[in-house]
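Input: a single structure, listed below in structure tokens.
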Amino acid sequence: MNDADLSKRFAFAEQLVHEAGALALTMQRAPADAGVEMKGVRDFATAADKAVEELIVTRLSKEFGDAVLGEEFGGKASKDLLWIVDPIDGTYNYFHRNPRWCVSLGLMVKGRMELGLIFAPQSGDTYLARRGHGATRNGQRLAVSHPAYDTAPLIEIGCSTKRPLDLYIDLVRTVMTNGIETRRTGSGALGIAQVATGEIDGYVERYINSWDVAAALLMVTEAGGVVSDFFEGKALTEGNYILAASPWLAPRLTELTGITVA
Ligand code: IPD
Ligand code: CA
């Protein structure tokens, strides 16, 4: 794909995440009207998750005819040219009107992330990344945290319902007893994007889906951070573990988690 085609898609996708976020906001109703459908223990979709994904898939297919892979409806996962969408990342927060949730959209071309877009409607924050062109939040260039934070590192550890809870608890124990403070805030996309902003120094999760991380991982590398090779094997459709960090913290996290960075 040439530069002009990518630029066209980048501009279109920026408008689209804003439109999608606006739709999610208008659908943020009282719990009784949310149309919740349980997918598993502590895992569910609201009517908004589905409506937002439908909007994004329809718009992208109509404008470009590109393939789309999404959290709610799946899709044909071709690594050649693929939009990867999480209509609402942080569904629990969204349901509870906790502001930490977002729309996440990434474009993969020939197995590599080229574009990443995240919009968090309740804070109004827009995160954008294009490979080789850097990453921004609301127009401000992003950079991962300074090594001076090594005196008191702060990371997020995500918890997936697809792995035993003990794996998460053990990881929190290991990391904290080794002098690293942890958080868990309910949106993998925003957690990883926060590594790119330098507000936290790393993000680790034993299992996460491709739509949660696709856009945010590009933000981290474009902001000078390092990430594990998430898209190896069948991760696109089956998920993988993830480590994203400032370069100075990555070796310590690798030692504690066994996850290497690319
Ligand atoms: C989840 C969130 C959570 C992460 C999970 C994801 P959802 O996505 O990103 O922070 O730890 O792995 O599945 O269900 O809110 O879209
Ligand atoms: Ca998600």
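All of these numbers come straight from a predicted model, not from anything done at the bench. One-based numbering, in listed order, for ligands and for the atoms of each.
- A donor-acceptor pair under 3.5 Å links the side-chain atoms of Glu222 to the main chain of Gly134, judged by distance alone.
- For atom 6 (C) of ligand 1, the nearest non-hydrogen atom of the protein is Asp212 OD2, 3.7 Å.
- Taking only nitrogen or oxygen atoms, main chain and side chain alike, Ser187 reaches within less than 3.5 Å of ligand 1.
- Annotation for ligand 1: atoms under 4.0 Å from non-hydrogen atoms of Ile88 are 16 (O).
- Listed by number with element, the atoms of ligand 1 under 4.0 angstrom from any heavy atom of Asp86 are 16 (O).
- The number of heavy-atom neighbours closer than 6.0 Å to CD of Glu255, taken from other residues, nucleotides and ligands shown, is 12 or below.
- Numbered from 1 in the order shown, with element, the atoms of ligand 1 that lie under 4.0 Å from a heavy atom of Cys159 read 11 (O).
- The Ca ion (ligand 2) is closest to atom OD2 of Asp86 (considering only N, O or S atoms).
- Under a 4.0 Å N-O distance rule, the pair Glu205/Arg184 does not qualify as a salt bridge.
- At under 3.5 Å, a nitrogen or oxygen of Gly188, whether backbone or side chain, sits near a nitrogen or oxygen of ligand 1.
- Counted by atom type alone, Ser145 and Asp201 present one or more donor-acceptor pairs between their side chains at under 3.5 Å.
- In terms of protein heavy-atom proximity, atom 5 (C) of ligand 1 is nearest to Glu205 OE2, 3.5 Å.
- Taking the six-membered ring for Trp and the full ring otherwise, the centers of Phe119 and Tyr127 sit at least 6.0 Å from each other.
- For the pair Thr185 and ligand 1, no heavy-atom separation below 4.0 Å is found.
- Formation of a donor-acceptor pair under 3.5 Å by the Glu156 side chain with backbone atoms of Val204 is not found in this model.
- In this structure, OD1 of Asp212 and OD1 of Asp89 enclose an angle of 80° at the Ca ion (ligand 2), rounded to 10°.
- Tyr94 contributes a side-chain N or O that, together with a main-chain N or O of Gln28, makes up a donor-acceptor pair within less than 3.5 Å.
- Proximity of Glu71 to ligand 1 is established by a heavy-atom distance of less than 4.0 Å.
- Under 4.0 Å from ligand 1, not a single heavy atom of Thr161 appears.
- Considering only non-hydrogen protein atoms, atom 1 (C) of ligand 1 sits nearest to Asp89 OD1, 3.8 Å.
- For ligand 1, the polar-atom distance check finds no N/O of Ala189 at less than 3.5 Å from any of the ligand's N/O atoms.
- Taking the charged nitrogens against the carboxylate oxygens, Arg9 and Glu63 have no contact shorter than 4.0 Å, which rules out a salt bridge.
- Between the side chains of Asn93 and Trp101, no donor N or O sits under 3.5 Å from an acceptor N or O.
- Of the polar atoms of Ile208, none of the N or O atoms is found under 3.5 Å from an N or O of ligand 1, judged by distance alone.
- Arg130 and Ser7 share a donor-acceptor pair across their side chains, judged by distance under 3.5 Å alone.
- No side-chain donor from either of Asp212 and Ser104 sits under 3.5 Å from a side-chain acceptor of the other.
- In terms of polar-atom proximity, Thr91 is counted as a contact of ligand 1, with an N or O under 3.5 Å from an N or O of the ligand.
- Close approach of ligand 1 to Gly90 is summarised as follows: ligand atoms under 4.0 Å from at least one heavy atom of the residue are 7 (P), 15 (O), 16 (O).
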